[in-house]
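For ligands, and for the atoms within them, numbers begin at 1 and follow the listed sequence. Each residue takes its place number in the sequence, starting with 1.
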Amino acid sequence: MTKMQKPTEMLSAEHQNILKLIAALEKECGALESGKPIDRAFFTKAIDFIRNYADKFHHAKEEDILFVELCKDSVSMHCNPTEQMRHEHEIGRGFVKGMEEALNSGSRQKLIENAQGYVQLLQEHIYKEDNILYPMADEALDAQMQKSILNEFGNAEKKRFAKGVKEKYIALAKEFGKRAG
Ligand SMILES: [Fe+2]
Ligand SMILES: [Fe+2]
């Protein structure tokens with residue numbers, strides 16, 4: 001029998017796609033700081049990726065499914081950090097809104113500040129999830145619960161993303177990865 005994928009493994013794989021965007025964003029901020037004009041097409045794609053893939057697709061699985069399970073009384077997880085993770089998702093949404101406003105008004109400094117804020121927040125956030133929260137979740141959830149979370153992840157994907165949309169964002173992540181070099 002093949003080993004069942006853990007829900008946290010699925011989420012960590014999604015982090016790898018998000019990190020490609022983060023790397024491209026970091027590089028673009030460096031270029032902006034050295035005087036490169038604002039690349040509107042890039043930032044528009046980056047914001048679309050964050051809102052749809054990182055937030056609607058990935059953060060929703062955490063907030064609506066995994067974190068909910070971890071907070072159930074039947075799951076004894078020591079020092080439950082999901083509130084902090086939700087809070088960081090909210091801060092991230094603020095940075096994205098700031099990036100969008102900066103893009104619309106053509107404000108370079110505001111764009112750099114919000115993009116860099118998002119980069120730093122997400123780098124730390126993903127590190128904490130991959131190295132602290134997910135291992136805690138793996139410990140706390142038995143095989144049956146993990147299986148049902150995976151099923152819910154699958155249903156959430158179908159409900160939120162039409163056929164082919166996930167693939168579109170994975171291709172976009174690859175593009176970001178190439179851009180980051
Ligand atoms: Fe998260
Ligand atoms: Fe995450």
Side-chain angles (χ1 to χ4, degrees), residues 4-27 29 45-72 75-100 113-142 145-161 165-177 180:
M4 188 189 80
Q5 188 193 29
K6 293 188 175 104
T8 53
E9 286 170 345
M10 189 190 231
L11 296 173
S12 284
E14 291 170 9
H15 283 168
Q16 290 308 310
N17 288 325
I18 297 169
L19 286 170
K20 289 184 178 131
L21 167 271
I22 296 293
L25 209 51
E26 194 173 24
K27 190 177 178 185
C29 284
K45 270 190 203 171
I47 291 169
D48 174 50
F49 181 87
I50 295 169
R51 289 218 167 119
N52 283 294
Y53 187 82
D55 225 20
K56 197 167 144 194
F57 190 76
H58 177 79
H59 291 161
K61 282 193 192 114
E62 293 177 341
E63 293 188 356
D64 300 345
I65 303 170
L66 180 70
F67 295 175
V68 174
E69 288 298 323
L70 292 176
C71 290
K72 282 184 178 163
V75 179
S76 54
M77 206 169 89
H78 178 62
C79 169
N80 192 325
T82 59
E83 272 315 304
Q84 177 62 23
M85 297 297 106
R86 281 181 195 275
H87 177 60
E88 290 177 7
H89 292 172
E90 266 316 308
I91 300 174
R93 288 172 191 130
F95 282 131
V96 179
K97 194 163 179 276
M99 277 168 65
E100 187 178 50
E113 276 167 22
N114 281 282
Q116 283 177 339
Y118 187 80
V119 164
Q120 203 190 349
L121 176 81
L122 261 282
Q123 282 171 340
E124 289 170 10
H125 181 82
I126 286 175
Y127 182 87
K128 283 186 251 181
E129 289 184 339
D130 281 342
N131 295 286
I132 302 167
L133 179 66
Y134 293 174
M136 283 168 84
D138 292 344
E139 278 287 306
L141 301 165
D142 64 29
M145 288 165 104
Q146 298 205 17
K147 203 174 161 196
S148 99
I149 291 172
L150 267 184
N151 278 338
E152 283 188 64
F153 280 180
N155 293 338
E157 283 190 8
K158 276 188 217 127
K159 206 169 99 191
R160 283 164 182 272
F161 271 8
V165 176
K166 175 179 165 179
E167 289 70 22
K168 174 189 131 179
Y169 285 107
I170 290 171
L172 190 52
K174 278 205 186 114
E175 206 182 289
F176 289 139

Metal proximity, H58 vs the Fe ion (ligand 1), N/O/S cut-off 2.8 Å
no
Taking the six-membered ring for Trp, are the ring centroids of Y53 and H59 within less than 6.0 Å of each other?
no
What is the name of the N/O/S atom of E129 that is nearest to the Fe ion (ligand 1)?
OE2
Examine E63 and say whether one of its N/O/S atoms is closer to the Fe ion (ligand 1) than 2.8 Å.
no
So, Q120 versus Q116: side-chain donor-acceptor pair below 3.5 Å or not?
no
Flag E88 as yes if one of its N/O/S atoms falls below 2.8 Å of the Fe ion (ligand 1), otherwise no.
no
Carboxylate-amine/guanidinium proximity below 4.0 Å for K61 and E14
yes
Y134-E62 side chain donor-acceptor pair, cut-off 3.5 Å:
yes
No-hydrogen, no-angle side-chain donor-acceptor test under 3.5 Å, H58 and Y169
no
Considering only N, O or S atoms of E62, the one closest to the Fe ion (ligand 2):
OE2
Heteroatom test (N, O or S) for E14 near the Fe ion (ligand 2), limit 2.8 Å
no
Assess the side chains of H15 and D130: does a donor N or O sit below 3.5 Å from an acceptor N or O?
yes
Determine which of the N, O or S atoms in H125 is closest to the Fe ion (ligand 1) and give its atom name.
NE2
